Amino acid sequence: MKGEFFALLAALCWGLCPIIEKKALELTDSSTAIFIKSLMDFIIISLIFASTGKIMTMKIDYRVLIYLTLVSLIAGITGQYFFYKGLSMSSPSKVVVISSIYPFVTIMLSTLILGKMPSVKVWIGAILIFIGVSLVVE
């Protein structure tokens with residue numbers, strides 16, 4: 001149950017952010033917004049790590065560096081750019097709902113790449129997400 005609680009907290013944070021991001025995108029372009037957000041992420045995480053002493057004890061496997069660099073390129077930069085472009089051109093509620101099709105994409109790719117076959121309940125949930133998104137798209 002602990003994992004679900006933290007997932008809910010993440011959803012609350014992620015649900016609030018597009019509204020704040022929309023306000024920022026009224027004042028700047030998508031590329032500048034990504035740069036500022038990434039810089040602030042780096043500064044805040046650096047301060048947290050420095051204050052806890054974790055920087056001195058970090059051990060990083062080169063594969064972790066490769067995987068997370070890919071995630072940064074795909075989601076942190078490219079996906080965020082597309083998300084910000086969408087936010088700058090449409091309402092946060094519509095952009096968030098449309099972009100929420102990503103669990104369906106994850107299920108498909110997980111099946112193809114990782115060979116992980118999801119349960120029937122997961123497939124039903126993914127299809128319902130897809131149906132919900134299609135109701136929003138005009």
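This one's a predicted model, so the numbers in the text were calculated from it and none came from an experiment. These values consider heavy atoms only, across backbone and side chains, with no hydrogens, waters or symmetry-generated copies.
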K.L.:
Is it true that Val105 and Val133 fall in one hydrophobic cluster, defined by side-chain heavy atoms closer than 4.5 Å?
P.N.:
no
K.L.:
Is there a path of hydrophobic side-chain contacts, each under 4.5 Å between heavy atoms of I/L/V/M/F/W/Y residues, joining Tyr62 to Tyr67?
P.N.:
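No.
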K.L.:
Check whether the side chains of Asp41 and Ser38 place a donor and an acceptor atom closer than 3.5 Å, and report yes or no.
P.N.:
no
K.L.:
With rounding to the nearest 0.5 Å, note down the distance linking CD1 in Ile101 to OG in Ser134.
P.N.:
8.0 Å
K.L.:
Please say yes or no: joined through hydrophobic side-chain contacts below 4.5 Å, possibly via intermediate residues, are Phe42 and Leu70 part of one cluster?
P.N.:
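Not linked; separate clusters.
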K.L.:
Taking CH2 in Trp123 as the centre, count heavy atoms belonging to other residues, nucleotides or ligands within less than 6.0 Å. Is the count above 12?
P.N.:
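For Trp123, atom CH2 is crowded (more than 12 foreign heavy atoms under 6.0 Å).
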K.L.:
Indicate yes or no for a side-chain donor-acceptor contact from Ser99 to the backbone of Val95 under 3.5 Å, with no hydrogens or angles considered.
P.N.:
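Indeed, once roles are kept as given, a pair shorter than 3.5 Å links the two residues.
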K.L.:
Do Phe83 and Val96 have side chains that get closer than 4.5 Å, going by heavy atoms?
P.N.:
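When only atoms from C-beta onward are counted, Val96 and Phe83 do touch, with a gap below 4.5 Å.
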K.L.:
Taking atom NZ of Lys116 and atom OG of Ser110, what is their separation to the nearest 0.5 Å?
P.N.:
7.5 Å
K.L.:
Is any side-chain heavy atom of Val122 less than 4.5 Å from a side-chain heavy atom of Ser119?
P.N.:
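Result yes, sub-4.5 Å side-chain heavy-atom pair found.
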K.L.:
When you group the ILVMFWY residues by side-chain heavy-atom contacts below 4.5 Å and let the links chain together, are Tyr81 and Leu25 in the same group?
P.N.:
yes
K.L.:
How many angstroms lie between atom CG of Leu109 and atom OH of Tyr102, to the nearest 0.5 angstrom?
P.N.:
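Nearest 0.5 Å value for the CG-OH distance: 14.0 Å.
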K.L.:
Indicate yes or no: at least one non-hydrogen side-chain atom of Ile34 is less than 4.5 angstrom from one of Lys37.
P.N.:
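Counting from C-beta outward, Ile34 and Lys37 never come under 4.5 Å.
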K.L.:
What distance separates Leu12 CG from Leu8 CG, expressed to the nearest 0.5 Å?
P.N.:
5.0 Å
K.L.:
Can you find a pair of side-chain heavy atoms, one from Phe82 and one from Thr78, that are under 4.5 Å apart?
P.N.:
yes
K.L.:
Consider only side-chain heavy atoms of I, L, V, M, F, W and Y, link residues closer than 4.5 Å, and tell whether Leu39 and Ile36 are in one cluster.
P.N.:
yes
K.L.:
Could you check whether any side-chain N or O of Ser100 sits under 3.5 Å from a backbone N or O of Val97, counting only pairs where one atom can act as donor and the other as acceptor?
P.N.:
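Here the side-chain-to-backbone pair exists.
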K.L.:
Please answer whether the main-chain N or O of Thr28 pairs with a side-chain N or O of Thr32 as donor and acceptor at a distance below 3.5 Å.
P.N.:
no
K.L.:
Return the minimal non-hydrogen interatomic distance between Ile107 and Pro118, and the atom names on each side.
P.N.:
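Taking Ile107 first and Pro118 second, the nearest heavy atoms are CG2-CG, 3.5 Å.
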K.L.:
Return all side-chain donor-acceptor pairs below 3.5 angstrom for residues 16-24, not counting sequence neighbours, or 'none' if the list is empty.
P.N.:
from, atom 1, to, atom 2, distance (Å)
Glu21, OE2, Tyr84, OH, 2.9
Lys22, NZ, Leu87, O, 2.6
Lys22, NZ, Ser90, O, 3.0

K.L.:
Considering only heavy atoms from C-beta outward, does the side chain of Met117 approach that of Thr111 to under 4.5 Å?
P.N.:
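Yes, their side chains come closer than 4.5 Å.
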K.L.:
Measure the spacing between CE of Met40 and CD1 of Ile43 and express it to the nearest 0.5 Å.
P.N.:
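It is 3.5 Å, given to the nearest 0.5 Å.
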